[in-house]
Amino acid sequence: MAGAIPRCSVRHLQRLFGSCSISAPVRSVRTSSCNRAEEIVIPNRIPRSSTDILEALASTVGRDSSGPHYKYSDDPYLTPASNVAKRSFSLSKESGRKAARWIRDKHSDLFTHRPEDPFIEAFYPKISFTDESDVSEDTLRELMQKCMVSDAIQVYQICKTKGVELSDSVRQELLEFLGYYNCEDALDEDWVEERWYRQGIMSRDRIRNTWKDHGLAEELFKSLSHQGSPAYCALIRGMTRYYQVDRAWQMYQETLEKGIPLDTETYNSLIRVASLMREGSDLRWKLVKEILTAMSEAGVRPNLGTLNSTLESLSQIASWRQTKNLSLQVMAEFNRLGIQASLASYYFLLIIHCRERGPISHILIDIMNHIADKEFSIQDPKDTFFFVTAMDVCRNHLHSKELAKRVDDLLHTGNNYMLIGDSYKESIYYRHYFALSCSTDTVDQFMELYNELVPHIYTPEPGVMEELLKALKVHEALEYLPQLWSDMIVFDHTSREKLLMSVLSAMTCHQPSEDNTKLTEQLATIAWDLWTRVQRMEEDRRNKITWSGPMIGDLLTTLVRCGEYSKGVEVMQKISADPHIVLGSATVDSLQTLLDAAIGNDEADTGVMVVVYAVDAGHQEAADMAKKLGSSLTLNAEHRAKLTSVLGIDIIADLKEKEISES
Amino acid sequence: MSLSHFKHIPKAWTNQWLLRNAVGLQSTCGLHTTPAACKVQSGRYKVTTDRSRPLTYEMANQPCQIAHRKSWNTWNTTSLLDGQREPETVVEDIFIRKFMNGTWHDLFVSEVIIKRQHNMIRIAGIVQQRIAARKMYFLIGYCEELLSYWLKCPVKLEIQTVTDKKSVIYKYI
């Protein structure tokens, strides 16, 4: 069974056992005489954390794709299948938790008992501060430690009104704190589901200046007795973080004038927003170079952040012809300095090189060769963009399934899955992977992937489902259609017109024969189910589906071909009685199929109904259809009357005359 | 001859003395007693005339069947050697049961099972599918969080749902 242990856990086990190899044979030490005692080497003690064994055990268990995510209850009723359900279940659970916290904080006098030892702070209500509270510097420090911004601001105001002395160091810390958060509370780390479902900023056009001008941070800055390097650094970094670039640049000039040194992170933040300070690609790059030279002249060492901000600035001017070369030069230079690139750097490289309108670049292959099988941890906020972008490149730029598989393997090594970011990125990642597999793999291979990922890891969106159905139609692999239909019902895609159209047109490709009777039955069931579902939708629904001519035509063809003649007749009756439910009218081929079936079943009523409908619809073949009907079946007076009234001429009389004349 | 002639019985106390000490003498204001019945009636349900009372498996098995056909509703180490916090655990259990039955109003079809493991409390039970699944998730999040705030330890809910109440009924008596 050793082969079944995944690679990553072997690494963990190796770490646990340190330098000893796992398969070391047991040797008996007493074989030799006492004079030649063997050298016993005692290895150094390996420091263990309290959860190392648990982590090693956990690494042996991967994600089980046969069941829902562990955050959902393990019960069929409580297992989500569609995307809407997944989202609403996790967010409802979280809102229950928020309700409980609200109750605890509102009725804090009821939660004062302390039965546990040691004291666990997380279970107790939050302390609210009023003007009479006894506050000091340490309270402020504690609140900053817990990242409670509004409480810290309140305590600061209380200190000011009460005249409590705040030392410069605490003011400096508070300045950095408020600069980072822009005097607003960030979303609590406890609300993991809300963070998971927050739309990640994939598009870069929503950059607005949200810095609070003349806010508390700047007030603090002025109140410092001596505005030295830490103060300027904190303020510049805060301003650039919230895109107040003009004033940040002003502050930077002030530091140059006053000769105040700045640290690496401040330079990095300035480089990152350089594109917002200049127009024109060459000017922007000139500014970046200026800042980098200033940095080197000041003797400040660059770090990974410098690499990533430089690449980020370059990605903003990616349409310039020199950018690609520059980006590679930047990578080489930082490599020489000994700075290891992180996933964010590779992300920026991909944006720069693999552009939509540009030559195909195979840089991803080089990147993958470099980073395959490595484990990453988060080093830059933009690290989470790498996997989505890489999969996007594989699908749209390179159309390479092998490369996509390599990216997927990298995602599943070690703890790299945590770098997928949030739910939006995860769904886009799988969407690209799915669509790529759909277009490049055989249907059987693709359905393997489908069965593995759907529905618990990924639920296809309607757009992806449509591509899937098209692929099935093209490859004539209709045996998967029943499974897809039942999945569509579960994922709530049955109210989308395009998808229903795709299903119906796919079903018309089916030619019933002796060996696929089961499939024929299933397709007939699907067609009928589709009809009943649409008919059952209420009249005033926002996206009520209106039948189109081709859809009804495909439906009729399928029903008749797959042996459900009576149901086809029912549909026909409905559309004859209420022609307004169909936009346009049923296609000629379908009507002819139905007519042939009616003739075969010797039902003149149906035949007449079909012909009447065809005439109303304005099909030119209606007359021929009437002739066919007349010649194959005997029509009574009523039928003849109906036909005459719609066609204007007595077809039957014509036929009879022809017979007489021929004979 | 009256009892008052006996010197050692005070006259004023005659009737009372008789009441207390005379065997077989029944006074009009005395207690009526019967021989002790030695009967257990805990956890047992009376049979109805038309056999309409539904019983779940747990209700159908009497407390003497615990550890034979039935198991406990609450699992903890308080009754073992060096087990601690026995009374507090009992009171917590009562609180948890009241809380769960009240929050999940009329939804539980089984008893609330409470298991204490390490520092966690796991609460299990069978619930009817009468409310929407996302409402159930709201209640699950709410109960887990509020109970952990009250009991000062992590609380996990393990709810199983059942379509209709009749599926947990074992027999009718």
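Below, read A as the first sequence line, B as the second, and so on, with proteins coming before strands; counting in each chain starts at 1.
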Just by distance, which donor-acceptor pairs between chain B and chain A come in under 3.5 Å?
{"residue": "Ile131(B)", "atom": "O", "partner": "Tyr77(A)", "partner atom": "OH", "Å": "2.8"}
{"residue": "Tyr137(B)", "atom": "OH", "partner": "Ser73(A)", "partner atom": "N", "Å": "2.9"}
{"residue": "Tyr137(B)", "atom": "OH", "partner": "Leu78(A)", "partner atom": "O", "Å": "2.5"}
{"residue": "Glu145(B)", "atom": "OE1", "partner": "Arg97(A)", "partner atom": "NE", "Å": "3.2"}
{"residue": "Tyr149(B)", "atom": "OH", "partner": "Arg101(A)", "partner atom": "NE", "Å": "3.2"}
{"residue": "Trp150(B)", "atom": "O", "partner": "His113(A)", "partner atom": "NE2", "Å": "3.1"}
{"residue": "Thr161(B)", "atom": "N", "partner": "Asp75(A)", "partner atom": "OD1", "Å": "3.0"}
{"residue": "Thr161(B)", "atom": "OG1", "partner": "Asp75(A)", "partner atom": "OD1", "Å": "3.4"}
{"residue": "Thr161(B)", "atom": "OG1", "partner": "Asp75(A)", "partner atom": "OD2", "Å": "2.3"}

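Chain A forms more heavy-atom pairs under 4.5 Å with one residue of Gly141(B), Cys153(B), Ala132(B) than with any other, namely Gly141(B).
Annotation: side-chain contact (heavy atoms from CB on, under 4.5 Å) contacts of Tyr57(B) (sequence neighbours excluded): Asn61(B), Arg69(B), Tyr170(B). Shown here are the side-chain contact (heavy atoms from CB on, under 4.5 Å) partners of Thr34(B), two or more places apart in sequence or in another chain: there are none.
With a 4.5 Å cut-off on non-hydrogen atoms, Ile103(A) touches chain B through its side chain but not through its backbone. With a threshold of 4.5 angstrom between heavy atoms, Ala122(A) approaches chain B through N, CA, C or O but not through any side-chain atom.
Residues in residues 33-55 of chain B take part in no salt bridge (charged side-chain N to carboxylate O under 4.0 Å, His left out) pair, two or more places apart or across chains.
Ile127(A) CD1: 12 or fewer foreign heavy atoms inside a 6.0 Å radius.
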